[in-house]
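Data first, discussion second: the structure below is written as structure tokens.
This structure is a prediction, so every number in the text was calculated from the model and none was measured. Labels below follow one simple rule: chain letters A, B, ... track the order of the sequence lines, proteins then strands, and each chain is numbered from 1. These values consider heavy atoms only, across backbone and side chains, with no hydrogens, waters or symmetry-generated copies.
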Number of protein chains: 2
Amino acid sequence: MKDIVNIAVIGLGGRGSGMAEIMCKMKDINLIGVCDLHQDRIDEMVDFCVNEAHRPAPFATTDYKEIFKLEGLDTVYVATDWEMHVRISIDSMKAGIPVAMEVGGAYTLDECWELVDTYEETGVWAMMMENCCYDEREMMVHNMARDNVFGKIVYCSGKYAHDLREEVGYGDIEGHYRLRNYLNRNCENYPTHELGPIAKILNINRGNRFTSLVSVCSGSFGMDYYVRHNKELKPSLGDKHFKQTDIVKTFIKTENGETIELTLDTCLPRFYSRDFTVRGLKGLYQGDGDIVYLDKESFRKKEWSQKNFWGRGSRYNKKYGGKLWKETTPEMLEAGHGGMDWFIIRAWIEAVKNDTLPPIDVYDAAAWMSITPLSEKSINEGSSTLEIPDFTRGKYKNREDKAEGRYAID
Amino acid sequence: MKDIVNIAVIGLGGRGSGMAEIMCKMKDINLIGVCDLHQDRIDEMVDFCVNEAHRPAPFATTDYKEIFKLEGLDTVYVATDWEMHVRISIDSMKAGIPVAMEVGGAYTLDECWELVDTYEETGVWAMMMENCCYDEREMMVHNMARDNVFGKIVYCSGKYAHDLREEVGYGDIEGHYRLRNYLNRNCENYPTHELGPIAKILNINRGNRFTSLVSVCSGSFGMDYYVRHNKELKPSLGDKHFKQTDIVKTFIKTENGETIELTLDTCLPRFYSRDFTVRGLKGLYQGDGDIVYLDKESFRKKEWSQKNFWGRGSRYNKKYGGKLWKETTPEMLEAGHGGMDWFIIRAWIEAVKNDTLPPIDVYDAAAWMSITPLSEKSINEGSSTLEIPDFTRGKYKNREDKAEGRYAID
């Protein structure tokens, strides 16, 4: 049991620096090291620590391997680009340092296997920082599912539906991983925000597992149109076209017979939505409209007008709301993404302090991230159906190792 | 130009008798013949005509071919089961009688081709009675699309999301086509409610066409669970299981590069929704939530809370609402399905009266209905991608024949 945790942050882009600032608000965290390839980002972060957070200046480097040599380092948080974050996390485990890894899809299945193999060889864990597992509705609906409110669950769906045209369009090819990815790949490139909470409900890697997927894509119009109609954005692109299609849908089957529908929808104008949806034999929760609809509440007489159900989710919060959400402070809620960033940091830090397993482990990370390269292959093969590996090598049937404490997701 | 139209109704189940009752309210329609295989339905309909509508008793028969011999018959409305309605419509055309055919998917591509061939051989038209083409939001969004409010349209989606467990579960195998279909087939069995309005927006068969599809299905749990937990419903089913899966998704590509996503969602508890959705390079309309979201209205600052957009569709009604909907009477609105049944009947009757082409023709019907057998084949082949025939045989590129008048959908 540690009272204070010494951490380092590798990757100081928007996400890394934002999360580091939240961490600096937590009294049981010492930020002792920071790393980025860009010196200006390092300078800004050190300046923030000293002049805004009134903390000691952390050790700073552009070489992430120097971080692992820091004396007293307990854990690392990795928020680099999608290409590097798995590699750095694996190196952290090999150096004996438990690691928190930001979200994003994988590039290859080998990368996913290496994450698992390294954990099994070293006994040092990696946690995936999937904050949406801790968001308010996801936690409430998880509790409702566990209490059998929806009956046996047979279909779940979710989206990463987020207009990223400006973010991708403004990026420069050197610096922004999303731009590189959108120019050169076509796949479900960001599956975990919606898949993470669904996988937890369906007990993936704990009695159940993903077995196969098929992906379908639309045309690629949104990004090209956007960058060509906002002349100030992208002179450097020249005639280059975006390979990433506007909408990618992926259907995953599980061993227990459930179907999961994922949607990537990031290149056209729209409001943000994860549309987190759970369908059971007795009822549903649907993210769009925040709708709960249950057989037992005799809703059928109103079924023709969905307006009757908009916003109904909040009625179930008192009984089923996540316990973490009942103890929020303004500081937590303002920290980032409405509270969930605070919780995911605490989940990681508590696992380090108590030397327990993290709530989202390498098997989860490997299974969730594997959707990206598999979806890419499926699309390249004209929507072929592909097997999803069992990254637990059979252990999912009867696992006993698990996270403990208030941040566990049971 | 006819002032009065003599019609007959073939198929007096729930839909046929309901529509016949609406037709009896229209002073320019004489119902001169009715037909069904069930004598009790015939007796009820004749009784309604005489004692409630105060009209002459129509000729009544259980043999639909007798109907075509009726003197002075101008047109026929066919609302039989899915298995027979195309056959009867083809026979009507062959008998020289223009025909209105209720919606439903086809069983084979041959059936679709025969519909087209018969029209081309006889010059007698068949109209598909897709009432959703005339619903309020569909017409408004159609007008917005035509006015380029959404920019170039690249993705459309829609659902037939309707909890049919009770309807299917209560049906008896002899009498109800849905029960037969749900027991023995697995496909997108009812595509036209959502696909019709989308096809009209995308100019399918008029400059554009469907080129290919792929279908994906969930497991089949909802119906089995329902009939086995409502013991009074289905003793006759014994150990029979439902082949129709809970949710079927179909993705259609068009020659112009648009993607269409269809969802059949009829076996699990839920509210009704067609979730009619149009996505363009400048904005969207989404049925669930009745949301309009446009780049030019600078919504981005509110994008994180979709509640800001719920119900916003109504704001666009004044400018873009269908002209038919601006002249509704209480009688129309109460007639059936909130008004659209009235309009689809009028569209058909006006085409007969004026001897013009119907707004939804055999090419539309064939293309829309072909989705059913193609989706069945795609699913049977593990989500294979299949070509969709061009039922116009190339005429779609440059068609001049078209509907006219206030019910045309331009």
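Looking at D288(B), the atoms closer than 4.5 Å to chain A (heavy atoms on both sides) sit in the backbone and in the side chain alike. For S218(B), the parts sitting under 4.5 Å from any heavy atom of chain A are the backbone and the side chain alike. I291(B) touches chain A through its side chain: at least one heavy atom from C-beta onward sits under 4.5 Å away, while N, CA, C and O do not. Interface remark: E258(A) contributes no atoms to any contact with chain B (heavy atom separation under 4.5 Å).
When the candidates T259(A), L284(A), L281(A) are compared by the number of heavy-atom contacts under 4.5 Å with chain B, L281(A) comes out ahead.
With rounding to the nearest 0.5 angstrom, the CZ atom of F309(B) is 11.5 Å from the OG atom of S273(A).
Taking both residues in full, the closest heavy atoms of P269(B) and G283(A) are given as CG-N, 3.2 Å, listed atom of the first, atom of the second, then distance.
One finds a salt bridge joining D295(A) and R165(B) here, because a Lys/Arg side-chain nitrogen approaches an Asp/Glu carboxylate oxygen to under 4.0 Å. Of the charged side-chain nitrogens involved, at least one lies within less than 4.0 Å of a carboxylate oxygen, so that D265(B) and R279(A) count as a salt-bridged pair.
For the pair K152(B) and F221(A), the distance from NZ or CZ to the six-membered ring centre is under 6.0 Å and the angle to the ring normal is within 45 degrees. Cation-pi contact between K249(B) and F251(A): absent, since separation from the ring centre below 6.0 Å together with deviation from the ring axis within 45° is not met.
In this structure, E381(B) places its CD atom where more than 12 heavy-atom neighbours from other residues, nucleotides or ligands lie under 6.0 Å away. Residue-environment remark: NZ (K307(B)) stays at or below the threshold of 12 foreign heavy atoms within 6.0 Å.
The shortest side-chain heavy-atom distance between K302(B) and F271(A) does not fall under the 4.5 Å cut-off. Counting heavy atoms from C-beta on, the side chains of R270(B) and E303(A) never come closer than 4.5 Å. Using a 4.5 Å cut-off on side-chain heavy atoms (C-beta onward), Y293(B) and L268(A) make no contact.
Between W310(B) and W310(A), the two ring planes are tilted [angle within 30° to 60°].
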